[in-house]
Amino acid sequence: MNRRHFLATVSATAILPIPTFAAQDTLRLKAETVTQQILPDGDGATSMLGFNGSMPGPELRVQRGERVSIEVENGLEEGTAVHWHGIRLENKMDGVPILTQELIEPSDTKTYSFIPPDEGTYWYHSHYISHEQVARGMMGPLIVEDETPPDVDHDITVLIADWQMAEDGTLSDKFANRHSIAHAGYLGNFARAFLSQDQVKKGDRVRFRLINAATNRIFHINIKGISGSLVALDGMAIPQPRPISELVLAPAQRADLIVDITGPVEFDMPTRQGPYRLADLAVIDTNSDRRAGLIVALSQPNLPTPAEEPSQHLTLKMMGGAMGSRHDGDNIWAFNNTSDLQTNPFGSFKSGETVQITFANDTSFPHAIHLHGHHFYEVDGNGSLGDLRDTTLVNAGASRDIICVFDNSGRWLLHCHMLSHATGGMRTWVNVA
Ligand code: C2O
Ligand code: CU
């Protein structure tokens, strides 16, 4: 990335907190055109898409094990569908046009209803021409609250994204440029993080829920003014808190941190030209009541245990793109020689089957592979189970094995979450019977 192509950073901007919506009987989201101050105050506002008048959309807070109903009204002039990223829900509520539902046509409403089985940090976004609708702003946080929340003073969501825009705030409409699709995808020239709260006290203990909602950018994030641990990835609590060393979030990935505030908080993205400020969190005052104890693990996820021996071992080979391997698919990118959704699934599993999949990246770009409806274990070098994720980053030329218990029936998408690559052909699906 070249900073010369980057617009001014966000420091000294008053950040409008993300509005929150707690679970009532029915939550309502209206997809619509919004005008949002994305650039620093004083620069132009951006006409884009959002929900309920804002971008990002409201933060939805729901309870594990309790049915939630979300009425989505389409106030756009084109169809849409909303996906609840990372939630292991019923297939027909997954929000994927063609595979799981019909489009929500303009001025129509669809009610999504599901029971979230896991606590943690999730998000929602459009899943129709998503490389464009998400880039235009159709995203928001979805939090499944903890039955026993950790001992913190604040729970703050940090949603990060980037946009391609002019200095007057006008969004570029080059969402499907073939050159960028064949490379790293649509990348913004302006990036920032939206926080659900804009000030804390020194000494406060805070949970940060980081969400990378960008369509294609892998964010490396440095946070100043904190000391603490990583406690969850992609919504799922990790077994033991880990030191926060290098935070890398591929598109759609999440990370939860529990930290003590030691000074003014700055969220930075390192660039060759130095740190690029994504957001500030002001420190007002000191919390002298807080006695900072040990940071302990969050309550652990409850997922089926994989069988000792997987019953199938499949390979998903990523192909194509600029400077990548040739393939027979009829789009820019391919999985196993075919592009886009085919009539036959990449895998057919019986519910409860343990499957190992090798994601082999035979291209010149990193890819963030996302499986719908399930979480899977990343397998480390010695074959042992690593982190539970719903999206895994596989670097150019690298390969990663995952183990998944396919226990959720239905037709599930498996795709690159660099949404330009997905639209360029990196999409397939699996069937769980
Ligand atoms: Cu974030 Cu196919 O999804
Ligand atoms: Cu990709």
Side-chain angles (χ1 to χ4, degrees), residues 56-57 80-89 91 93-101 112 121-135 138-142 159 161 180-187 211-218 234-235 249-254 316-325 327 329 331-335 339-341 346 359-375 389-400 410-430:
T80 196
V82 178
H83 171 58
W84 317 96
H85 184 113
I87 304 277
R88 301 184 300 129
L89 41 55
N91 190 244
M93 295 299 160
D94 199 38
V96 179
I98 304 171
L99 215 55
T100 72
Q101 69 164 85
Y112 291 91
T121 304
Y122 302 90
W123 65 298
Y124 58 92
H125 62 82
S126 159
H127 217 296
Y128 176 62
I129 46 170
S130 54
H131 65 284
E132 176 176 332
Q133 287 192 347
V134 178
M138 290 185 68
M139 59 179 82
L142 171 56
L159 183 141
S180 83
I181 290 177
H183 291 76
Y186 167 102
L187 294 173
I211 303 170
N212 181 357
T215 46
N216 293 279
R217 181 178 297 280
I218 300 168
D234 289 0
L249 290 182
Q253 288 186 326
R254 288 89 65 212
L316 188 76
K317 191 171 172 188
M318 303 160 219
M319 308 167 81
M323 304 162 287
S325 48
H327 60 82
N331 203 336
I332 295 169
W333 298 93
F335 282 143
S339 303
D340 295 303
L341 293 193
F346 155 71
F359 293 143
N361 186 344
D362 195 19
T363 80
S364 300
F365 292 87
H367 301 287
I369 306 299
H370 171 47
L371 171 66
H372 282 222
H374 299 79
H375 272 66
R389 309 221 60 146
D390 59 47
T391 306
T392 186
L393 180 61
V394 190
N395 285 323
S399 111
R400 157 153 296 131
R411 293 138 60 92
W412 301 106
L413 215 54
L414 175 63
H415 66 95
C416 180
H417 219 290
M418 273 90 173
L419 298 177
S420 300
H421 296 167
T423 198
M426 262 195 175
R427 297 184 295 146
T428 186
W429 63 288
V430 300

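Whatever order the structure lists ligands and atoms in, that order sets their numbers, starting from 1. Throughout, numbering of the chain's residues begins at 1 and tracks the sequence. For clarity, every value in this text was computed on a predicted model and none was experimentally measured.
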Closest to the Cu ion (ligand 2), which N/O/S atom of His367 is it?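 Closest N, O or S atom of His367 to the Cu ion (ligand 2): ND1.
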
Relative to the Cu ion (ligand 2), which of the N, O or S atoms in His421 is the closest?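 Of all N, O or S atoms belonging to His421, ND1 is the one nearest the Cu ion (ligand 2).
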
[Y] and [X], any side-chain heavy atoms less than 4.5 Å apart:
| X | Y | answer |
| --- | --- | --- |
| Pro251 | Ile218 | yes |
| His85 | Thr391 | yes |
| Phe346 | Phe335 | no |

Short check: any N/O/S atom of His85 below 2.8 Å from atom 2 (Cu) of ligand 1?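 No - counting backbone and side chain alike, His85 has no N, O or S atom under 2.8 Å.
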
Would His415 count as a contact for atom 2 (Cu) of ligand 1, in the sense that one of its N, O or S atoms lies under 2.8 Å from it?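 Of the N, O and S atoms in His415, at least one lies under 2.8 Å from atom 2 (Cu) of ligand 1, which means yes.
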
Do Thr100 and Asp94 have a side chain donor and acceptor closer than 3.5 Å?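 There is no such pair (donor and acceptor under 3.5 Å, judged by atom type) between the side chains of Thr100 and Asp94.
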
Just to the nearest 10 degrees, tell me the angle at atom 1 (Cu) of ligand 1 spanned by His417 NE2 and His125 NE2.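 It is 110°, given to the nearest 10°.
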
Measuring to the Cu ion (ligand 2), does His417 have an N/O/S atom at a distance below 2.8 Å?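 Given the 2.8 Å cut-off, His417 does not count as a ligand of the Cu ion (ligand 2).
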
Run the ring-centre check on His374 versus His372 and record whether the distance is less than 6.0 Å.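 They do not qualify: ring centres at least 6.0 Å apart.
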
Is the distance from atom 1 (Cu) of ligand 1 to some N, O or S atom of His127 under 2.8 Å?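 No - counting backbone and side chain alike, His127 has no N, O or S atom under 2.8 Å.
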
Confirm or rule out an N/O/S atom of His83, from backbone or side chain, lying less than 2.8 Å from atom 1 (Cu) of ligand 1.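 Looking at His83, which is the residue asked about, there is no N, O or S atom under 2.8 Å from atom 1 (Cu) of ligand 1.
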
Angle between ring planes, His421 versus Trp333, binned at 30° and 60°: parallel, tilted or perpendicular?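 Because their plane-to-plane angle lies in the 30° to 60° range, the rings of His421 and Trp333 count as tilted.
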
